[in-house]
Amino acid sequence: MLEKNFDPKSAEPRLYSAWETSGAFAPTDDPAAEPFSIVIPPPNVTGSLHIGHALNNTLQDVLIRFERMRGKAALWLPGTDHAGIATQMVVERQLAAQGNIGRRDMGREAFIAKVWAWKAESGGTITNQLRRLGASCDWSRERFTLDEGLSAAVRKVFVTLHKQNLLYRDKRLVNWDPHLQTAISDLEVEQREVDGHYWHFAYPLEDGSGEIVVATTRPETMLGDTAVAVNPADDRYKDLIGRAVRLPIVNRPIPIVADDYADPEKGSGAVKITPAHDFNDFQVGKRHSLPMINILDDFGRINANAPSDYQGLDRFEARDKVVATFEALGLLRAIEPTRHAVPHGDRSGVVVEPYLTDQWFVDAETLAQPAIRAVEEGRTVLEPKAWEKTYFEWMRNIEPWCVSRQLWWGHRIPAWYGPDGTIFVEETEAEARAKALEHYGHEEPLRQDEDVLDTWFSSGLWPFSTLGWPEQTSDLARFYPTHTLVTGFDIIFYWVARMMMMGLHFTGEVPFQRVFFNALVRDASGKKMSKSKGNVMDPLELVDDYGADALRFTLTAMSGQGRDIKLSTQRIEGYRNFGTKLWNAARFCQMNGCARLADFDPASAESALNRWIIGETRKTAQAVTEALAGCGFDDAANLLYRFIWNTFCDWYVELSKPVLTGADEGARQESQAVAAWVLDVILKLLHPIMPFLTEELWAQTADLGAARPEGMLISALWPDLPASLVDPIAEAQIGLVIAAISEGRSVRAELNVPHSARPPLLVIEASQAQQAVLTAYASVIVQTLRVSELKLEAIAPEGAIPFVVEGATLALPVAAFIDLAAEKARLAKEIAGHAADIDRTARKLGNPDFVARAPEEVVEENRERLAEAEATRSKLESALRRLEAVV
RNA sequence: GGACGUGUAGCUCAGCGGGAGAGCACCUCGUUGACAUCGAGGGGGUCACAGGUUCAAUCCCUGUCACGUCCA
């Protein structure tokens, strides 16, 4: 006998290890099986599972379990990302907290050893958390972006792109993070609105004949100014073009140049130009061949290119000093408060600086072209479709991708420099040496590039590097291109776009046929959850409290496309209760001898009730299958919820009770077999979303009746039921029984008929067929509706309360128990409702345009509606008249 | 400033051209042996606002307002 409740705490670990040891997570070897592969979006190796991971991985697990049960060679390839900046920061913070020396004092090798030690210690955390969620990844294929194989792929890609001139070293302005002392890509920069000021500075003309006023939000950059620009069409400054101002503080003459970049409408119409510290000014500087004076060091302090009393000052200290000095010089013309966007590093949170350095860049524009075409041609489909526009927008305006980072944790750039600066880009140091020997004619010492690659460089190769590329492995041949990628839209540019570019360039094929962007889990105010904001929910706690299945079902049911998820524990609790409901329905079946029949054919069922539930089961199976195949996860969950609770438990189980406890052995046996059959189908359909509870029920019902052909549920075959199982006649019959009971209950409740009252249920007016059905199901109607008996009567006796069900008039003689005034009110209200309906429908049918132009079936539908409403109304009206005659 | 999305019951959300739905919350009733993590019934919405298209608009179009996200 089943316990009263499912116990997730004890069952989950047991079931998970049973799955894992059975080998069910690995794709079948059957060569005839169609491959279906998903690569996991690799979480940070030292991270821990947050609610977004829980959603993303639940959906992947739902898909992979579904396709596995459909007989495909389903591979869900797991792994983790070394996450350069994030991990390095964590370890540095840890070292600092433990009072250790900093990484720079420690040296590169020692520091990296520390990171590896941390990875060894905490790297299993997140994968273990995925296991707790029930993720059926093939752990035997687990990868890490710094694995030797994946590192080889990275070197191969780097060297190949370099030889194809798609990757190059260049001196350009980059976003520099002074806290982390590294370049970061455009994507890693977050624009934040902050309050600031426009400081209006007067720059005196060189010849002393006047001044020109410029405004800036970053006064300290004036130390690096090399020009003032005015618009060539601006009459105010026409005469000044080509002349010079003397830059205060620095005391350097700089030219006034004409450039369209200067907007006559803004401020004074003149702008200071700092080519080494502003992206727009950089372009102006190039056009006018201006000097580019870098005034900052790696830490954001003023360097030796500025006057000596500024050197070593932090950029913000320098800002104050510049302003104070201008004021002292009498050159500060105005201070204007303003709100403006300031770039911040998304990891460090500090203000980033445009900074002139040597970095490695990927020619993203060239790589983007095939990636754009692949989506245009539908070789990769983005779901929901709306994301394609975002993807195109980004791809068509893509900038060179800065891939070097001044960090230590990551893939070191495979470039070696000779003493004269000649660069040798090769996959190994030995090859670089060979090239150097060739180049110099003799041995020269080589120095490897100190920098590492952007984490997303290796993530960009993930769909094929994890399958063994550049080796032509059997996994690569079988599982690439992968089928579906499930990920968050927040990394569409970081990751999806880069995988598209890299995948197409190096394999000639798209990395995945379909991308499903899951919603983002946000906090109550709609803000993205993040550790720094402290608004994260811990999925592991939720698993502890409600079980993994409840969390999984909640996330699946709420995963509607294109909407953010706001998670509440109430909701999770509700779905935990849903699991309990199913558990107890199974318990009921067990208690009532429901057992599988060997070779049971659902088409052979005879009773209308059984034929009806079999048809409903078929319809649900069909709809769930279609939903899951099309990534309609929420639809699948809601279909199952309604079917299991409202159809199976509320009606089928209830209506079956008299049969299961009745004397008709043939009927009982059929119902027992049908219930067992439906339950098995339910377990299968629900398994992808609630794997633990269903697997446990599967096991605990294993010896009820005939043995199942399958072993564990995880490996069972997905239901494929023929449409012929749907029987419209049974549907109509059971529909009438359900409607009669529902209406009868409603009448009882609304009129406050005492619970103990047992009037008979009278069938006053009904077709032959209706009478037959009601009579056949009399025992269940009697029991469910708490009536004494079901009787056919030609005329309703005085004081009987009538109700109309599908054209049939039934009545409950309960006048003795009730308040007749209340009943009159009830009838009047119902009549009024019908009257309004009749009025609207009649008016519509009276409109010649409607009759002429609406589709015939719509017109017909309205005619039927009108006829039925009128018939119902007249029956209710005569009932009301009878009632009035009594009172 | 540009792009995209969202405004439906108290809350969280489905529905998206032919009479508005669910879960939770709320109210009433109920310990009939699967389940009180339950059952039965009920109240509650000019589907943001204004125009337009249509025989018909919550649904399509335009505009407005509010909120959100992304990109400048």
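Order of the sequence lines sets the chain letters (A, B, ...), proteins ahead of strands, with each chain counted from 1. Remember, predicted model here, so these are calculated numbers, not experimental data.
A side chain to side chain donor-acceptor pair (under 3.5 Å) check over residues 748-761 of chain A, counting only residues at least two apart or in different chains, returns the pairs A:Ser746-A:Glu750.
Annotation: salt bridge (charged side-chain N to carboxylate O under 4.0 Å, His left out) contacts of A:Arg863 (sequence neighbours excluded): A:Glu856, A:Glu860. Residues meeting the ring pair (Phe, Tyr, Trp, His ring centres under 6.0 Å) test with A:Trp651, sequence neighbours left out: none. Not a single ring pair (Phe, Tyr, Trp, His ring centres under 6.0 Å) links A:Trp698 to another residue, sequence neighbours left out. Residues satisfying the side-chain hydrogen bond (donor to acceptor under 3.5 Å, both in side chains) criterion with A:Glu336, sequence neighbours excluded, are A:His200. Residues satisfying the side chain to side chain contact (heavy atoms under 4.5 Å, CB included) test with A:Pro354, not counting sequence neighbours, are A:Leu173, A:Arg218, A:Phe279. Take A:Phe633 and apply the ring pair (Phe, Tyr, Trp, His ring centres under 6.0 Å) test, not counting sequence neighbours, and it matches A:Phe516. Partners of A:Tyr641 under the ring pair (Phe, Tyr, Trp, His ring centres under 6.0 Å) rule, at least two apart in sequence or in another chain, are A:Tyr575, A:Phe578, A:Trp645.
Side-chain atoms of A:Asn584 come within 3.5 Å of backbone N or O of A:Thr580 as a donor-acceptor pair. Distance alone, capped at 3.5 Å, is enough to place a donor-acceptor pair between the A:Trp583 side chain and the A:Glu3 backbone.
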Grab the N/O contacts between the protein and nucleotides 53-57 of chain B below 3.5 Å, and write none if there aren't any.
unit_1: B:C55; atom_1: OP1; unit_2: A:Arg853; atom_2: NE; d: 2.7
unit_1: B:C55; atom_1: OP1; unit_2: A:Arg853; atom_2: NH1; d: 2.6
unit_1: B:C55; atom_1: OP1; unit_2: A:Arg853; atom_2: NH2; d: 2.9
unit_1: B:C55; atom_1: O2'; unit_2: A:Asn847; atom_2: ND2; d: 3.1

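RNA chain B is contacted by A:Arg865 of residues 861-870 of chain A, taking any non-hydrogen atom closer than 4.0 Å.
Nearest-nucleotide assignment on RNA chain B puts the 5′-proximal partner with A:Asn638, out of A:Arg786 and A:Asn638.
Spacing between B:U58 and B:A50 at atom P, rounded to whole Å, works out to 12 Å. Annotation: B:U46 and B:U28 have their P atoms spaced 25 Å apart (nearest Å).
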Could you run down nucleotides 33-46 of chain B 5' to 3' and tag each one B, S or - for protein heavy-atom contact under 4.0 Å?
-BBSBSSSSSS---

Check step by step if salt bridge (charged side-chain N to carboxylate O under 4.0 Å, His left out) holds for A:Glu12 and A:Lys9.
CA-CA 6 Å; A:Glu12 287 175 1; A:Lys9 274 200 164 52; over 6 Å; no

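Stretches of at least 3 consecutive Watson-Crick or G-U wobble pairs, with each checked distance under 3.5 Å, appear in RNA chain B as B:1-7 with B:65-71, B:10-13 with B:21-24, B:26-30 with B:38-42, B:48-52 with B:60-64.
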